[in-house]
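Report on the structure given below.
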Amino acid sequence: MRIEENITASVVRAIKALYGQEVSENQVQLQKTKKEFEGHLTLVVFPFLKISHRKPEETAQQIGEWLKENETSVQDFNVIKGFLNLIVSSASWVALLRDLNADEEYGIVRSSEKSPLVMIEYSSPNTNKPLHLGHVRNNLLGWALANVLGANGNRVVKTNIVNDRGIHICKSMLAWQKYGKGETPESSGKKGDHLIGDYYVAFDKYYREEVKEITEKLIAQGVAPDEAKARAEQESPLMVEAHDMLVKWEQNDPEVRALWSKMNEWVYVGFNETYKALGVSFDKIYYESDTYLEGKEKVMEGLEKGLFYRREDGSVWADLTRKGLDEKLLLRADGTSVYMTQDIGTAKLRFRDFPINKMIYVVGNEQNYHFQVLSILLDELGFEWGKDLVHFSYGMVELPNGKMKSREGTVVDADQLVEEMISTARRTSEELGKFGDMSEDEKNEVARIVGLGALKYFLLKVDARKNMMFNPEESIDFNGNTGPFIQYTYARIRSVLRKAADAGFVVPEALLLDTEISLKEEDLIQHLADFRSTVRQAGEDYSPSLIANYCYDLVKEYNQFYHDFSILREEDQQKKRFRLVLSANVAKVLRLGMGLLGIEMPERM
RNA sequence: GGUUCGGUAGCUCAGUUGGAUUAGAGCAACGCCCUUCUAAGGCGUGGGUCAAGGGUUCGAAUCCCUUCCGAAUCACCA
């Protein structure tokens, strides 16, 4: 039973029968009737006026009559200007709910062997600092996007490229060597990623002091301020040492490599904890230290083919000016690779490992230009999916006083935030007396689910492309358009269903089509059925937020129903059965929808 | 300066192939509703020149142009 699809097809037949013209289903504008008018679905007839050669009202009237006559689900209609409001029969709605109830994974399209293989890269951290709120947004979006695409019949490979080498890592290493006194995660009690992050900050602090000192000295010697600063930045012994370390690293110096391995290992242990807390995972992790050499090879290949060119100093460039872009450096004069080189290398390894049809990069919008260039380069280098690679470009999380900057300490730490959310959830539950007779384990689990639900929903309900605001002063809400609001509704439904089950009432398969149902209930079924198209739309637009907003709207509507109608106390057994099935399916769709977002639902809260 | 993306209520955000005299939610404010299936809920009140101006048409927050404001980017950083 697919009411909307059926009526759309019937409209096509109606036009054919009435006016003798073929129209495509895309031309049929069938939308939800606005709530101030009577009806469920509304056909906009303006597009058909040229075919009917009649006034809007008349055309609508004719189509309405034809539908009432020939389309069983259309029970009645009314016409307002060019709008044909269709009233769908209760029996059709009940039949729709019956079908929906039979489908345990309504709205989800499973993949098969032949489905397209999509790879999603997300997270992609640097190993010199712990994850912050911006990374959290990335991780949650990547995870949700993978789920959404999976629910649209794609085979999905989740991947992570760890930026584990480069000058930034050397800075942390050097600072640890110089000031660390052998400190380890064990000795300090710090998470490994936090420990390393502290040394990254330390490096920056001492480096700045050095630069300041040298600059002043140079200025005293009569060097112009701008030039003095530039020279100081280059000459700073700390920076020189860091660069030396990077060169040694590339030369496989055993000592540097050993230090690098040890410190990265600390970071990974820390990251894995954070990933686990966030509930995200990867099918395949790539490390830049493995891929950057591949990139060099690929670039040399391109150089031989004449795609790129070499400058006098030996550096290799791509000239993209004919595409309206700049010239782009691919290899430095000393032969070391840059960011772009690494992404090319990673692409090569990925394609070797997986025969992917599509590649999606979940990376912040600050890198739009980079991916524009990468797409062109990969295409020219012969990657089939290069041209159509998707840069899932999401907006920054901004704080009231601007952007987050690790070095300036203005970051919202991921671990700390998760912890705070969970403890807030716990406190709220206690204050509201929701825990009842739960065991300590159950309490912890509820607090975890609700706290994370609040955080995840907060980040995922906003259109991914937009920058969003996070105010640490105001804690994330638990009321209104929030994760806990949706979870709460779910828990209430589950409670009702438990009570029904205790009374021996099993949610039955059989629904009677002649059940008398209210407008509110019809609307709920209609809304429920929309889940399928919402999932599809979210997949087409790469937009998890559509699912979040869908769940919110469904919950708003269900809560009104819950408030106005009795379920367990309904005396008419037929109605009671219907309402139980309706509620069970609202819960089911909420669980599926929120599940796509990576948000768990509590049985009680 | 070039390019890209944004600007909707005091605040945070919906509004997706252009559709209905009255542009929606939540938060915050102020009221009302628990001896009744979980009140993390429901109902109500106030709050808007959809940045500004022009254009396209039966019809524009939505499409086009101009201007203003904001962000990102245009690195031998990743």
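Quick caveat: nothing in here was measured; it's all calculated off a predicted structure. Side chains are part of it too, since the values below use all heavy atoms of this structure and drop only hydrogens, waters and symmetry mates.
Among the atoms of the strands shown, base atoms are found under 4.0 Å from some heavy atom of A:Asn85. Across all strands, A:Asp334 comes closer than 4.0 Å to no nucleic acid atom at all (heavy-atom distances). Nucleic acid contact for A:Thr42: base, since at least one base atom lies under 4.0 Å from a heavy atom of the residue.
Side-chain N/O atoms of A:Asn481 and base N/O atoms of B:C27 include no donor-acceptor pair closer than 3.5 Å.
Residues A:Lys34 and A:Ser337 each lie close to RNA chain B; by heavy-atom proximity, the contact nearer the 5' end of the strand is made by A:Lys34. Nearest-nucleotide positions on RNA chain B place A:Pro47 closer to the 5' end than the other of A:Gln342 and A:Pro47.
Once the 5.5 Å centre distance and the 30° plane angle are applied, the aromatic ring of A:Phe83 is found not to be stacked with the base of B:G19.
Atom pair A:Leu546:CG and B:C13:C1' shows a separation of 14 Å (rounding to whole Å applied). Note: CG (A:Leu325) to P (B:A75) measures 12 Å, nearest angstrom.
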Heavy-atom contacts, protein to nucleotides 31-47 of chain B, under 4.0 Å, summarised as B (base), S (sugar-phosphate only) or - (none) per nt, yield -----BBBSBSSS----
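In the set B:A20, B:A14, B:U16, B:U16 carries the atom at the smallest distance from any side-chain atom of A:Asp541. Distances from the side chain of A:Gln29 to the nucleotides B:A78, B:C76, B:G19 place B:G19 closest.
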Identify each atom pair where a protein N or O and an N or O of nucleotides 1-12 of chain B are less than 3.5 Å apart, giving names and distance.
none

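With respect to the salt-bridge test (charged N to carboxylate O, under 4.0 angstrom), the residues A:Glu540 and A:Arg536 do not qualify. Ion pairing between a basic and an acidic side chain is recognised when a charged N comes within 4.0 Å of a carboxylate O; A:Lys81 and A:Glu57 show no such pairing.
Using a 30° and 60° split on the angle between ring planes, A:Trp249 and A:Trp260 fall in the perpendicular class, above 60°. Between A:Phe531 and A:Tyr550, the ring-plane angle classifies as tilted under the 30° and 60° cut-offs.
Aromatic ring centroids of A:Tyr361 and A:Phe392 lie 6.0 Å or more apart.
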